[in-house]
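Quantities reported herein were computed from a predicted structural model and do not represent experimental measurements. The figures here come from the full heavy-atom set of this structure, side chains too, leaving out hydrogens, waters and symmetry mates.
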Amino acid sequence: ASTSTALMGIQFAKASGLTVIATCSPHNFDHVRLAGADAVFDYSSPTCASDIKALTKNKLRFAWDCMGSGEDLCIAAMADGIPAAYVTINPRSDTSYPSREKMVDIHAVIAYDSFGDDYIWMGKRRSPSPDYRNFLQNFFDRCYGHLTDETVKPLRVLLNKTGTGLLGALRGLDELRAGNVSAARLVYTL
């Protein structure tokens, strides 16, 4: 929950009246709580899914994976015997999802759909759904309102953390790949 996408998602979920349960590294617990999470768990704990399931009394129906690597944890934490939905920002190919005993629908959010044009994703041409484009347009309109009234606040910015210009930005990408950036957005002057 300490990625830039997740921190914004927490704020939007709270603005929608939802209870937010988040996972992240313990060193980011306070930052994630400040964003609005009601409960925060260590995703690397072997009891994380069962702890979430206990907190929710086995009623968790919606999970949003902002890394694309938390499917197993999310599905294990989700309710048994009732329909649920798992959404990810980084989907696997359709064939790599393991079979599940739970009634969990899997969805992917792909920002390219918001542009309304065809694009290539995982080697296949995709045509965005007009319904999805309309949904995203409405969401973007709400974003503006939430940012204006400060219901949703921009992320902490690390300006020129690894130097300026393109070289600094390339170093920043290396920092991201190494997992050394969390709870912030890297910004560079060119």
Side-chain angles (χ1 to χ4, degrees), residues 1-24 31-40 43 52 56 59-79 81-98 100 102-157 176 182-187:
S2 62
T3 66
S4 59
T5 302
L7 289 167
M8 296 304 286
I10 290 168
Q11 294 180 73
F12 280 105
K14 292 305 291 183
S16 299
L18 298 174
T19 299
V20 176
I21 299 164
T23 64
C24 64
H31 194 72
V32 169
R33 282 188 189 105
L34 283 172
D38 296 289
V40 185
Y43 65 84
I52 293 171
T56 63
K59 293 183 182 178
L60 180 63
R61 294 186 45 228
F62 303 103
W64 187 34
D65 177 1
C66 294
M67 292 291 291
S69 57
E71 177 195 344
D72 294 333
L73 171 62
C74 289
I75 291 176
M78 295 177 88
I82 60 174
Y86 163 82
V87 181
T88 181
I89 65 166
N90 191 17
R92 299 180 193 176
S93 68
D94 294 338
T95 59
S96 69
Y97 283 105
R100 290 174 223 0
K102 293 186 177 194
M103 297 184 292
V104 176
D105 286 330
I106 296 172
H107 304 276
V109 176
I110 301 174
Y112 298 125
D113 285 340
S114 64
F115 299 120
D117 298 324
D118 288 358
Y119 59 93
I120 304 298
W121 181 261
M122 294 186 172
K124 295 181 184 174
R125 178 172 292 287
R126 286 184 52 123
S127 297
S129 157
D131 290 340
Y132 189 64
R133 179 165 167 76
N134 290 337
F135 166 79
L136 286 173
Q137 184 59 55
N138 289 331
F139 178 74
F140 291 144
D141 291 344
R142 286 185 180 187
C143 288
Y144 180 76
H146 286 317
L147 288 166
T148 301
D149 69 14
E150 296 188 0
T151 301
V152 173
K153 295 181 172 81
L155 299 173
R156 178 174 59 114
V157 170
L176 284 170
S182 64
R185 179 166 307 274
L186 297 176
V187 175

Taking all atoms of both residues into account, what is the closest heavy-atom pair of [X] and [Y], and its distance?
{"X": "A37", "Y": "V40", "answer": "CB-CG2, 3.9 Å"}
{"X": "A1", "Y": "A22", "answer": "CB-CB, 3.4 Å"}
{"X": "W64", "Y": "G9", "answer": "CZ3-CA, 3.4 Å"}
{"X": "D118", "Y": "P128", "answer": "OD1-CD, 3.9 Å"}
{"X": "M78", "Y": "A84", "answer": "CE-CB, 3.4 Å"}
{"X": "I89", "Y": "M67", "answer": "CG1-N, 4.4 Å"}

(message) If the condition is side chain to side chain contact (heavy atoms under 4.5 Å, CB included), which residues does R185 pass it with, not counting sequence neighbours?
(response)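 Listed in chain order: S4, L155, V187.
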Interatomic spacing from [atom1] in [X] to [atom2] in [Y] - rounded to 0.5 Å:
{"X": "M8", "Y": "L147", "atom1": "CE", "atom2": "CG", "value": "5.5 Å"}
{"X": "I75", "Y": "L60", "atom1": "CD1", "atom2": "CG", "value": "11.0 Å"}
{"X": "Y86", "Y": "D72", "atom1": "OH", "atom2": "CG", "value": "8.5 Å"}

(message) Tell me if a side-chain donor or acceptor on D38 pairs with a main-chain N or O of V20 at a distance below 3.5 Å.
(response)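 Yes.
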(message) Between D65 (side chain only) and S69 (backbone N and O only), is there a donor and an acceptor less than 3.5 Å apart?
(response)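 Between the backbone of S69 and the side chain of D65 there is a qualifying donor-acceptor contact (under 3.5 Å).
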(request) Could you tell me whether the side chain of H31 reaches within less than 4.5 Å of the side chain of L7, counting heavy atoms only? (result)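 In short, these two side chains touch, coming nearer than 4.5 Å.
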(request) Output, in order, the C-alpha distance, side-chain angles, deciding distance and verdict of side-chain contact (heavy atoms from CB on, under 4.5 Å) for V152 and C143. (result) CA-CA 8 Å; V152 173; C143 288; over 6 Å; no
(request) Quick one: list whatever passes salt bridge (charged side-chain N to carboxylate O under 4.0 Å, His left out) with D117, sequence neighbours left out. (result)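 If we apply the salt bridge (charged side-chain N to carboxylate O under 4.0 Å, His left out) test to D117, skipping adjacent residues, there are no hits.
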(request) Please report the C-alpha distance between I82 and R61 in whole Å, then the side-chain angles of each, then the deciding distance to 0.1 Å, and finally whether the side-chain contact (heavy atoms from CB on, under 4.5 Å) criterion is met. (result) CA-CA 8 Å; I82 60 174; R61 294 186 45 228; 3.6 Å; yes
(request) Classify the angle between the aromatic ring planes of F139 and F12 as parallel (below 30°), tilted (30 to 60°) or perpendicular (above 60°). (result)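 Tilted: the ring planes of F139 and F12 meet at 30° to 60°.
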